[in-house]
Amino acid sequence: MAGDLRLLSLDGGGVRGLASLYMLRKILSLVGSPKPCDYFDMICGTSTGGLIAIMLGRLEMSVDQCIEAYTGMMDVIFDPKDKKKLPFKIRNGKVQPQYKTKYMEQAIKQVVSYDCTKCM
């Protein structure tokens, strides 16, 4: 139906964002669209899903380009020594994120400065 809105929403979840990208690649192969920005009207996400949304939507990366970039960031953002059972930790009665904010910030800056001419 004309006028329908195609929305892609990506949940956070650390390294599980990679699983979302592989599922998205399979889904897009069924509709024949090389880039999510060519198929979806809106792309959004939370936490690392938001980072992926920036790559796919604003930077217009293909899923494969996003997988490559995201995989490169995983070692920086998600320290294997920090694996916990919960996605957060409690310190002095306050909930804190499991991963260090400075690493996520560095990854976002790296993504935003990505050379979009490679995407063409």
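Quick caveat, the model's predicted, so the values are computed rather than measured.
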Within-4.5 Å side-chain heavy-atom neighbours: Met42 and Leu8 | no
Quick one: do Met23 and Tyr39 end up in the same hydrophobic cluster if we chain Ile, Leu, Val, Met, Phe, Trp and Tyr together by side-chain heavy atoms under 4.5 Å apart?
-> no
Correct closest heavy-atom pair for Ala53 and Gly45 would be CB-N, 3.9 Å
Over all heavy atoms of both residues, which pair between Arg25 and Asp64 is shortest? Give the atoms and the distance, please.
-> NH1-OD1, 2.6 Å
Give, for atom CZ of Arg6 and atom CG of Asp38, the distance between the pair rounded to the nearest 0.5 Å.
-> 11.0 Å
Just how far is it from atom CD of Gln65 to atom CG of Leu56, taken to the nearest 0.5 Å?
-> 9.5 Å
Mind checking the CG-SG spacing from Asp11 to Cys44? Nearest 0.5 Å is all I need.
-> 10.5 Å
How long is the span from the CE atom in Met73 to the CG atom in Leu18, to the nearest 0.5 Å?
-> 10.5 Å
Atom pair NZ/CE of Lys35 and Met61 - distance to nearest 0.5 Å | 10.0 Å
For Cys37 against Gly57, the heavy-atom pair lying closest together | CB-O, 4.3 Å
Under the criterion side chain to side chain contact (heavy atoms under 4.5 Å, CB included), which of Leu24, Ile52, Ile27 is the partner of Val63?
-> Leu24
Are Tyr22 and Val31 co-members of a hydrophobic cluster defined by side-chain heavy atoms under 4.5 Å apart?
-> yes
CG (Leu10) and CE (Met55) are apart, to the nearest 0.5 Å, by 9.5 Å
Can you find a pair of side-chain heavy atoms, one from Phe40 and one from Leu7, that are under 4.5 Å apart?
-> no
